[in-house]
Amino acid sequence: MSAAVAPAPTVLHRVPASHPRGSWPADEFAAARRAEGVEAEVVMDLRSDDFLVIVRAVRS
């Protein structure tokens, strides 16, 4: 029986939460990556106060 390995997120882009447009730049960047076929998503990193565009890659 093999154990499942949790995905390790990779940060593609970061936008400060204080950006005048809020999370929109991160959302637009993620949408452009999804249009390219990359499963990108936007998350909030509370420690750095940034919106992060991430992809989840499976560790080998």
Side-chain angles (χ1 to χ4, degrees):
M1 187 195 259
S2 64
V5 177
T10 301
V11 178
L12 299 180
H13 189 65
R14 99 179 24 241
V15 176
S18 62
H19 191 281
R21 293 179 60 216
S23 68
W24 286 12
D27 293 327
E28 291 168 347
F29 186 88
R33 301 298 73 79
R34 287 191 295 270
E36 296 170 349
V38 176
E39 294 184 28
E41 63 180 297
V42 178
V43 297
M44 179 67 187
D45 180 21
L46 296 177
R47 284 190 175 183
S48 66
D49 200 29
D50 288 340
F51 293 105
L52 307 177
V53 178
I54 65 166
V55 293
R56 298 187 191 275
V58 178
R59 288 186 179 168
S60 344

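Counting heavy atoms from C-beta outward, R14 and V53 have side chains that stay 4.5 Å or more apart. Under the 4.5 Å side-chain criterion, counting only non-hydrogen atoms from C-beta, F29 is in contact with L12. In this structure, the side chains of E41 and I54 come closer than 4.5 Å at one or more pairs of heavy atoms.
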Between V55 and R33, does the side-chain contact (heavy atoms from CB on, under 4.5 Å) criterion hold? Intermediate values first, please.
CA-CA 10 Å; V55 293; R33 301 298 73 79; over 6 Å; no
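Pairing each heavy atom of A26 with each of F51, the nearest pair is CB-CB, 4.0 Å. What you find for D50 and P16 is that their closest heavy atoms are OD1-CA, 3.2 Å. Residues A30 and V42 share a closest heavy-atom pair of CB-CG2, 3.8 Å.
Counting only distance, with no hydrogens or angles, the side chain of R34 and the backbone of A40 share a donor-acceptor pair below 3.5 Å.
The salt bridge (charged side-chain N to carboxylate O under 4.0 Å, His left out) analysis of residues 22-31, with sequence neighbours excluded, yields the pairs R21-E28.
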